[in-house]
Amino acid sequence: MSVKEIFQNMDYGPAPESGQMAQEWLQQHRQKFRHYIDGKWQSPASRKYFDSINPCNREFLAKISQGNQGDVNKAVKAARTAFPGWAGLPCHQRARYLYAIARQVQKQARLLAVLESMDNGKTIRETRDIDIPLVARHFYHHAGWAQLMDTELKDYQPLGVVGQIIPWNFPLLMLAWKIAPALAMGNTVVLKPAEYTSLTAMLFAEICQQVGLPNGVVNIVTGDGDTGAFLVAHPEINKIAFTGSTEVGRMIREKTAGSGKKISLELGGKSPFVVFEDADLDSVVEGVVDAIWFNQGQVCCAGSRLLVQENIAKKLYGKIKHRMEKLRVGDALDKANDIGAIVSPEQLDTIKKLVNQGAKEGGDMWQPSWACPTEGYFYPPTLFTGVAPSARISQVEIFGPVLVATTFRTHQEAVKLANNTRYGLAASIWTEDINLALDLAPRIKAGTVWINSTNVFDAASGFGGYRESGFGREGGREGLYEYVTRFEDDYAAKPVYYKPGNSKSNSGEHTVSSKGNSGEHTESSKSKSGEHTGDSRQWAVGSGQEAVGSFGQSPSALAIDRTAKLYIGGKQVRPDGGYTMTINAPEGPVGQVGQGNRKDIRNAVEAAHACKKWSDMTGHARAQVLYYLAENLQTREQEFAHRIQLMTGVNTKDAREEVTLSIERLFYYAAQADKYDGRVHPTIYRNVTLAMPEPIGVMGIVCPDEFPLLGFISAVIPAVAMGNTAVVIPSEPWPLSATDLYQVLDTSDVPAGAINIITGKKGELLPTLAGHDDVDGLWYFGDPAGSKQVEALSAANMKRTWVSNGKYRDWRKHQQGQGEAFLRNATQVKNIWIPYGV
Amino acid sequence: MGQNKTKPVTQKTDLRNQGIPFDASLIKHLKVNRSAVERRAATLGKRRSVKKSWQTAWLLKAISCIDLTTLSGDDTPGNVQRLCAKARQPVRMDLLEALGAADLNLTVGAVCVYHNLVRTARESLEGSNIPVAAVSTGFPAGQITQAQKLNQIRASVRAGAQEIDIVISRSKVLTGDWKGLYHEVQAFREACGPSHMKAILATGELGTLTNVAKASTVCMMAGADFIKTSTGKEPVNATLPVGLVMVRAIREFQELTGHTVGFKPAGGIRTAKQALEWLILIKEELGHVWLNARWFRFGASGLLADIERQLEHQVTGRYSAGYRHPMS
């Protein structure tokens, strides 16, 4: 085209970034890559390779090794061998390595960017300006954490060998998000890149060599899902960190259940992009572009659901369409393109199918007038308007450049629509009204909330999901905890009890045989619990009341029957099944409790959800309630001590100590209720990034069997102190301390539904609780079998679980029975980005 | 917000902006999000790139949109005549020939001077179709009476200025006297008669981007043919975020009334690279219609020299030196 013609039409013309250096690099490797294990390139045991192609033009780039069990074994072994040395390095030395990696990434920034664009199909504008700078930033930031580990995380140590599986949408960035914190905290890693996009990981392996990283600290095994499965199943792995689909994440949760492996999952999303009438609409349009046409929409946190206030919808749709006409789709290496290629033909197919379905379901589809290039896997930006939440495209993650829009009337409705999803990764809120923005931000269930912005990331801010978008955080201080564990506390392999009858309070271990969740606790029982043993008037509970003497009854008087019911929604209710369990003690039966069933669990969960009051209360107000609870427990100290004594057979001193410790623990969490606070992360943009710990929601809590009162208080109170509501299964052999609490809860202003207590057999109740899709978190203090069951069943809705895996705390010790770990597990961190400036 | 009652009207590019009656509802709820605007402005130049022939053509386009300007206390007929000669022949003919652009009849968009030099400029540009623009209304501060301002405009129009660059009263913006601003500018426009009026907002003195958006809209309501960022004398002049806010206001006004309004960033634009960024901004946010001197101008004095060197680089492949190009 002549200069004169261009002078008239003012077209852009081609603006290619050269791929030559990247091609030369591929040639140096003869377009064939082996695994990177123990600091060396190692051929795949299978001798099998697969092709990596450029999705913009289908050109062959390189052959990639298919990893099998043998390769994974070799890599894990190398990582295991390297671990003690790496973990034993002084923090400063590890910091130097991470710093060197960051520098090396910067020095090779353009090669990395070009290679990434060729391999993935994303535009050079994005790899050059976003992906690679964020990679360098992540290593710099974590070089800092490596340096500070001694001082900032002094109670923590590395986990060991970490298996990491990353997706193809941000290949090198996800590698950085995984490797940087793991290495900074002293772990060694085996990483598996996505099969479509392994090339920048190969270049990263070279960088590890260049900086002289000790052999085996970073191992990269390439391959497909099978390779990943070997990694997940490997017994020598201490943790799995995964980013990818919710489907695979769920599989990983199930496969690792009960293994003791720590896992963090960053999964799918269908993130809402909420626009209010007072927003700066032209800026909103650019936000939409960054939300859904960034990386071809192949972004887990893409703002893929546009929620618009009804009165401005038409205007906004018009502006968006106008803008869509100006988007440019084409070769990733053209510097003037906005949208590159979809990563693979399979992915392109999925997008096409979902779009067709959306059109069939009555959505109003709009695409720009221009056509996409045909030589690669391209798909045009697409807008659906007037889509009901019931349509499939409103619910499922399309993972393509497809925006689905619907309208709302009020901000309350906006919140409802925003939360009408099983995902909870991110949200974007557009309004010029700070009251509105800050009203919505805490109410939308999402790990990241961007006010008047979208898809901004920084190493100093934690990123991760709520609900089925997974758990764990990457980035920021909150992300570090995924890669460390506390210095091993002295947990016991068997439950820790007071010794019955022993006059010394510093009792040793005393085990009660606890066969799974069968509810049989035979050593302390003369007969099996749940068995009716006859006349209730003969029970020791009668003499218990006598000992307390609250009613002034004579020993001979017939005690009034006090069979505890269940405690649901602030009311004592009869168990749905109509059965009662007898509680036996060394001296004989001491009482009866309701035997809850699945419907009681269901009702309790509903009551817990209905209790909005508790989570809306301020930390101070919750603290006041907990102090009141302590106060009321104090006034009935003797009664509670006596009950403990009757049930467990411990001596008076020990029983009283348990009550005293329970009161102290209440004080501890009352004190924490308004003090366990968040942070303001110093991210690299002009904004305030608030890291807010939020309650998880409705939590199931399975109390330890031991310490009937202290175990209950220690397990339940941290969760509720943070604003969660709880469905509690108390000690199975000794539930009466929990049922005695009903009245104390009533008189202490605990709102109805904040704490719900279902007595009964854990073996029956636990599966219902763990499988309940409306329970957001679940704690289990007990045996390995129960721990495994909790983790496996929780995979369905990705509950946040915390299980003891058969390690038993001595609940009397502050070190073990209380602390920050409880609070951290009772909360999830939401990062709220608030840009400012007029 | 309720300001979208009027349906978008087809674009009237042949007509001058006639203005519309003052409508407070158009500005009452206007809000500009600075962070979002800055984000867009920062990435605009990175999302697009023009290379080779395209870069040449775009740079030539930039030249055709320059208001070649001298606004100094030491201006004399002599240097203004030189400036006008440069305006007629902004690029060495041998370069244009080498670039295949000799028959574009390339000139700059206008010559911009103080009132005293309008006649000199007109005479120097005789027969060239290059208009003369006069800065007016107490430029640059505008701290004189309205009557004096109107007299200045009329005098410049009489002296032959086809374009009048007026400055608005910043105090009216800063005190929220939008109606007062409307009447002020409307009176200027009336005084301009057939001459085109460019309203200088002096954005560096308006405090906020929201004020920039509001002032832009009020000036367009009052009938401005162009809105212009700055006098070049404020501490901060044409920046991309400010430009973005103003062109979006132009787009909104055009959709609302059908009237096309021109845009002129002025001050601080010195390099060919900056010029390309501005042209990209116009193409992306407003569209092709605006990419010519009728609707877009650069207020600049040093920009041309940098573009000339870039053009020679396109021809020779060697980096050029300033002294190889005729000065103004």
Side-chain angles (χ1 to χ4, degrees), chain A residues 1-17 123 125-126 128-130 277-287 289-290 311-312 314-315 318-319 322-323 325-328 334-338 430-433 451-454 456 685-687 834-838, chain B residues 1-4 8 29-40 42-44 46-61 64 96 99-104 106 207-211 213 244-245 247-249 251-252 255 279-280 282-285 287-288 291-292 314:
Chain A
M1 208 177 285
S2 76
V3 166
K4 264 177 72 183
E5 282 171 299
I6 304 168
F7 186 86
Q8 295 309 327
N9 66 30
M10 288 295 281
D11 282 347
Y12 283 117
E17 171 78 33
T123 62
R125 203 274 302 182
E126 291 179 9
R128 181 197 62 202
D129 295 348
I130 300 169
E277 60 179 356
D278 67 339
D280 173 357
L281 289 191
D282 289 314
S283 290
V284 167
V285 172
E286 294 309 318
V289 171
D290 288 337
N311 55 336
I312 53 153
K314 203 177 154 198
K315 181 170 184 172
K319 280 176 181 284
H322 187 256
R323 182 71 176 87
E325 279 289 350
K326 303 215 169 197
L327 290 170
R328 291 163 57 91
D334 190 312
K335 289 182 272 194
N337 279 340
D338 296 300
W430 294 76
T431 170
E432 288 302 306
D433 179 348
I451 310 287
N452 293 320
S453 55
T454 198
V456 282
Y685 308 95
R686 186 186 64 221
N687 80 101
I834 312 167
Y836 55 83
V838 291
Chain B
M1 300 216 302
Q3 71 236 48
N4 196 23
H29 299 290
L30 257 183
K31 275 274 188 183
V32 175
N33 189 283
R34 178 176 149 203
S35 296
V37 163
E38 286 176 347
R39 226 163 22 238
R40 168 67 167 154
T43 55
L44 252 168
K46 293 178 173 173
R47 285 177 187 268
R48 297 288 181 264
S49 178
V50 279
K51 296 289 171 202
K52 302 199 164 113
S53 305
W54 284 268
Q55 191 177 91
T56 303
W58 279 57
L59 290 175
L60 293 173
K61 178 65 78 176
S64 75
L96 290 176
L99 292 167
D103 51 355
L104 277 178
L106 186 71
T208 66
L209 290 179
T210 297
N211 274 347
L244 191 54
V245 169
V247 301
R248 284 172 172 178
R251 188 172 69 203
E252 194 80 17
E255 284 169 8
L279 289 174
I280 288 168
I282 298 301
K283 182 171 164 80
E284 289 294 314
E285 292 282 334
H288 184 254
L291 282 175
N292 54 64
Q314 299 278 17

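Letters go in sequence order (proteins before strands), and every chain restarts at 1.
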Per-residue contact mode, A:S453 against chain B (heavy atom under 4.5 angstrom)
both
Check this for me: A:K319, atom NZ, are more than 12 non-hydrogen atoms of other residues, nucleotides or ligands nearer than 6.0 Å?
yes
Donor-acceptor pair, B:H288 side chain versus A:Q8 backbone, under 3.5 Å?
yes
Would you mind checking which part of B:E38 comes under 4.5 Å of any heavy atom in chain A, side chain (CB onward), backbone (N, CA, C, O), both or neither?
side chain
Kindly give the heavy-atom pair with the smallest separation between B:A101 and A:V3, and that separation in Å.
CB-CG1, 4.3 Å
Exercise: identify the closest heavy-atom pair between B:R47 and A:D338:
NH1-OD1, 3.7 Å
Whether the side chain of B:N33 engages the backbone of A:D280 through a donor-acceptor N/O pair (distance < 3.5 Å, no angle test) should be reported.
no
Per-residue tally against chain A (heavy atom, under 4.5 Å) across B:L60, B:T210, B:N292, B:I280 peaks at B:L60
If you count heavy-atom pairs within less than 4.5 Å of chain B, which of A:A15, A:S283, A:G318 leads?
A:S283
B:R39/A:D129 ion pair, N-O < 4.0 Å:
no
Cut-off 4.5 Å, heavy atoms of chain A, and the answer for B:L244 is neither
Options A:R125, A:K335, A:M10, A:K326, ranked by heavy-atom pairs under 4.5 Å with chain B, top entry
A:M10
Greatest number of non-hydrogen atom pairs under 4.5 angstrom with chain B, of A:G287, A:P16, A:P14, falls to A:P14
If I measure from the heavy atoms of chain B, does A:V289 come under 4.5 Å with its side chain, its backbone, both, or neither?
side chain
Between atom CZ of B:R48 and atom CG of A:D334, what is the distance when rounded to the nearest 0.5 Å?
9.5 Å
What I'd like to find out is whether the side chain of A:F7 reaches to under 4.5 Å of the side chain of B:S64, using heavy atoms alone.
yes
Does any heavy atom of chain A fall under 4.5 Å from the side chain of B:R40, the backbone, both, or neither of them?
side chain
Could you go through A:R128 and B:K46, starting from their C-alpha distance and side-chain angles, then the distance that decides it, and tell me whether this counts as side-chain contact (heavy atoms from CB on, under 4.5 Å)?
CA-CA 10 Å; A:R128 181 197 62 202; B:K46 293 178 173 173; 3.9 Å; yes
Considering only heavy atoms, which portion of A:Y836 lies under 4.5 Å from any heavy atom of chain B: side chain, backbone, both, or neither?
backbone
Chain A: which of B:D103, B:L59, B:L279 shares the most heavy-atom pairs with it under 4.5 Å?
B:D103
Please tell me if the side chains of B:L104 and A:K4 come closer than 4.5 Å, counting only heavy atoms from C-beta onward.
yes
Go through A:R323, A:E5, A:M1 and name the one with the most non-hydrogen pairs under 4.5 angstrom from chain B.
A:R323
If you tally heavy-atom pairs under 4.5 Å between each of B:K52, B:K31, B:E285 and chain A, the highest tally belongs to B:K31
Could you give the distance from OG (B:S53) to CD1 (A:I6), rounded to the nearest 0.5 Å?
5.0 Å
Taking C-beta and beyond as the side chain, do B:T43 and A:E286 meet within less than 4.5 Å on heavy atoms?
no
Chain B contact via A:R328 - side chain, backbone, both or neither, heavy atoms under 4.5 Å
both
Under 4.5 Å from any heavy atom of chain A - which part of B:L99:
backbone
Lys/Arg N to Asp/Glu carboxylate O, A:K315 vs B:E252, below 4.0 Å:
yes
Ion pair present between B:K51 and A:E17, side-chain N to carboxylate O less than 4.0 angstrom?
no
B:W58 to A:Y12 - nearest heavy-atom pair and separation:
CH2-CE2, 3.4 Å
Closest non-hydrogen atom pair, B:V32 against A:E432
O-OE1, 4.2 Å
